[in-house]
Amino acid sequence: MMGLVPIFIALGIVAGPLLAPIHKDLPRRLMGWSLLVILMVSTHLALIHEGPLLRMFGICCVLLATMKGLVYAEWARRERLTWVNYLVFACCWFGMDPVSFRRRKSGLSWKGDFKVGLLLTALGLLACWWVWEAGWRHILIMFVPMSLAFHFGILRLLKVAMRLAGYPVRTLFPNVLKAEGIGDFWSRRWNVGYSQMMQRLVGRPVSSVAGPSAGIFAVFVGSGILHELAITLPVQSGYGLPTLFFTGHGLLTVMERKWGRSLGRIPALLAVALPLSVLFPPAFQSEVIVEILSWFDALPKLLLSVHP
């Protein structure tokens, strides 16, 4: 039933323009979140007999597409994107800010990002190969080079492609080593697009009812639930651990706000790195992360098939 996944992706994307004309927040949001639940259940059932890696890929694609639709429906109060620009936003970019796709511009800078992206992609892939060949299977040692290659390398090159196409997108993963605290790490350093999405869909609505601290905490709890879909649902194991990880970080972020000061750079980075085994349960590490790294075993055969 893998063939149903593209249909679910299309439904999630089309939901954005269809929900946008609904001006009342409650019915629009209720319909949007209900659609997300329906599509997640449908995707889970459609891929129930597939392997964990394929399940993760399918679930994440449908989740990303639907969240794009919900973000657009929330954003498009006063202006709308053309269908072409909306489809580029929904299908070609990992960020969650439709503003960058309102109109195309010329002369956008990209050369610096190209050099950095190419270098980090190469270093990350080389480090991944080294980790695989050395047999290191600790989550932090596996995750760092994979993140370096994808989050900081490939996504930077995708930014280059978007800017060459005329869309003034921003870097999704700025320098995390400059994070001043937990709140700064998650809001301004790690996956800026995701932070924008959660603030728009969860933080602002909850803050308007229960106050800023509740809005911040709700963002982290919501992040935990979404990561359950992307991490524990594909391997059907470790339920609750991603939510525990993000709930703890939500509490730290609220505490930073109450104290009026940040934890500091080193404590913040340690608070993120040390409990990675909670965010990524053992089954996900062995059935998804290790499986991805195992592709390096197939690389020599692939190269020989290209150059006999």
Fill in: Those residues that, when tested against Tyr194, pass ring-ring contact (aromatic ring centres under 6.0 Å, His included) (two or more places apart)
His227
Worksheet entry | Spatial distance of atom CD (Glu291) from atom CG (Leu54) [nearest 0.5 Å] | 11.0 Å
Worksheet item: What's the spacing between Ile292 CD1 and Phe57 CZ if we round to 0.5 Å?
Response: 10.5 Å
Discussion item. For a side-chain contact (heavy atoms from CB on, under 4.5 Å) check, start with the C-alpha distance between Met67 and Leu36, then their side-chain angles and the critical distance, and finish with the verdict.
Written reply: CA-CA 8 Å; Met67 297 307 288; Leu36 177 65; 3.9 Å; yes
Worksheet item: About how many Å separate CG of Leu126 and CG of Leu148, when rounded to the nearest 0.5 Å?
Response: 10.5 Å
Worksheet item: Going through the distances and angles, do Val116 and Phe152 end up as a side-chain contact (heavy atoms from CB on, under 4.5 Å)?
Response: CA-CA 9 Å; Val116 172; Phe152 298 94; over 6 Å; no
Practice prompt. Check the pair Ile231 / Val288 against side-chain contact (heavy atoms from CB on, under 4.5 Å), numbers first and verdict last.
Written response: CA-CA 9 Å; Ile231 295 174; Val288 174; over 6 Å; no
Discussion item. Any heavy-atom pair between the side chains of Val71 and Gln196 that's under 4.5 Å?
Written reply: no
Discussion item. Tell me whether the count of non-hydrogen atoms from other residues, nucleotides or ligands lying under 6.0 Å of CH2 in Trp136 goes above 12.
Written reply: yes
Fill in: Linked, directly or transitively: Ile225 and Met56 (ILVMFWY side chains, under 4.5 Å)
yes
Worksheet item: Do Tyr72 and Leu30 belong together in a cluster built from hydrophobic side chains that touch within less than 4.5 Å?
Response: no
Worksheet item: So if you build clusters from Ile, Leu, Val, Met, Phe, Trp, Tyr with side-chain heavy-atom gaps below 4.5 Å, do Leu118 and Met162 land together?
Response: no
Worksheet item: What closest approach, in Å, do Val62 and Leu39 show between heavy atoms, and which atom pair accounts for it?
Response: CG1-CB, 4.0 Å
Worksheet item: Are the side chain of Glu228 and the backbone of Leu233 linked by a donor-acceptor contact shorter than 3.5 Å?
Response: no
Discussion item. Angle between ring planes, Phe114 versus Trp110, binned at 30° and 60°: parallel, tilted or perpendicular?
Written reply: perpendicular
Practice prompt. Measure the shortest side-chain to side-chain distance between Glu256 and Glu180 over non-hydrogen atoms and say whether it is less than 4.5 angstrom.
Written response: no
Discussion item. Any non-hydrogen side-chain atom of Met255 less than 4.5 Å from a side-chain atom of Trp259?
Written reply: yes
Worksheet item: What is the ring orientation for His151 with Phe143, classed by angle as parallel under 30°, tilted 30 to 60°, or perpendicular over 60°?
Response: tilted
Worksheet item: Which atom names give the shortest non-hydrogen contact between Gly183 and Ser187, and what distance separates them?
Response: O-OG, 2.6 Å
Practice prompt. Ignoring hydrogens and angles, state whether a donor on the side chain of Trp186 or Asn191 is under 3.5 Å from an acceptor on the partner side chain.
Written response: no
Worksheet item: Do Ser147 and Met142 have side chains that get closer than 4.5 Å, going by heavy atoms?
Response: no
Worksheet entry | Any Phe150 side-chain heavy atom under 4.5 Å of Thr121 side chain | no
Residues 163-175, side-chain donor-acceptor partners within the protein, below 3.5 Å, at least two apart:
unit_1, atom_1, unit_2, atom_2, d
Arg163, NE, Ser109, O, 2.6
Arg163, NH1, Val169, O, 2.9
Tyr167, OH, Asn85, OD1, 2.8
Thr171, OG1, Lys159, NZ, 2.7
Asn175, OD1, Leu177, N, 3.0

Discussion item. I'd like to know if Arg204 pairs up with Glu74 as an ion pair, taking the criterion as any Lys NZ or Arg NE/NH1/NH2 lying under 4.0 Å from an Asp or Glu carboxylate oxygen.
Written reply: no
Fill in: Closest approach of Arg200 to Pro205 (non-hydrogen atoms, all atoms of both residues)
O-CD, 3.6 Å
Discussion item. How close do Leu70 and Gly32 get, counting heavy atoms only, and between which atoms?
Written reply: CD2-CA, 3.3 Å
Fill in: Separation of Lys115 NZ from Leu157 CG (nearest 0.5 Å)
13.5 Å
Item to complete: Kindly indicate whether the side chain of Leu293, heavy atoms from C-beta on, has any atom under 4.5 Å from the side chain of Cys128.
Response: yes
Discussion item. I need the minimum non-hydrogen distance between Thr232 and Pro281, along with the two atoms involved.
Written reply: CG2-CG, 4.0 Å
Worksheet item: For atom CE of Met31, is the number of surrounding heavy atoms from other residues, nucleotides or ligands below 6.0 Å larger than 12?
Response: no
Worksheet item: Should Trp75 and Val14 be counted in the same cluster of Ile, Leu, Val, Met, Phe, Trp and Tyr side chains packed under 4.5 Å apart?
Response: no
Discussion item. Are more than 12 heavy atoms, taken from residues, nucleotides or ligands other than Arg77, located less than 6.0 Å from that residue's CZ atom?
Written reply: yes
Worksheet item: Nearest 0.5 Å, what's the OG-CG distance between Ser294 and Leu53?
Response: 8.5 Å
Worksheet item: Between CG of Leu201 and CH2 of Trp33, what distance do you get to the nearest 0.5 Å?
Response: 5.0 Å
Worksheet entry | Given Arg257, Arg265, Arg189, the one that forms salt bridge (Lys or Arg N to Asp or Glu O under 4.0 Å) with Asp184 | Arg189
Discussion item. When you compare the side chains of Arg28 and His23, does any donor N or O come within less than 3.5 Å of an acceptor on the partner?
Written reply: no
Worksheet item: Under a 4.5 Å side-chain heavy-atom rule over Ile, Leu, Val, Met, Phe, Trp and Tyr, are Phe8 and Leu87 clustered together?
Response: yes
Worksheet item: Between Leu26 and Lys24, is a side-chain contact (heavy atoms from CB on, under 4.5 Å) present by the stated rule, with each step listed?
Response: CA-CA 6 Å; Leu26 182 59; Lys24 292 186 177 181; 5.9 Å; no
Worksheet entry | Check: Arg55 and Ile48 side chains under 4.5 Å, non-hydrogen atoms | yes
Discussion item. If you define the side chain from C-beta out and look only at heavy atoms, does anything of Leu279 sit under 4.5 Å from Leu276?
Written reply: yes
Worksheet entry | Minimal non-hydrogen separation, Ser277 against Ile139, with atom names | N-CG2, 4.0 Å
Indicate every side-chain donor-acceptor pair of residues 91-103 with a distance under 3.5 Å to a residue at least two apart or in another chain.
unit_1, atom_1, unit_2, atom_2, d
Asp97, OD1, Val99, N, 3.3
Arg102, NE, Val99, O, 3.4
Arg102, NH1, Glu79, OE2, 3.2

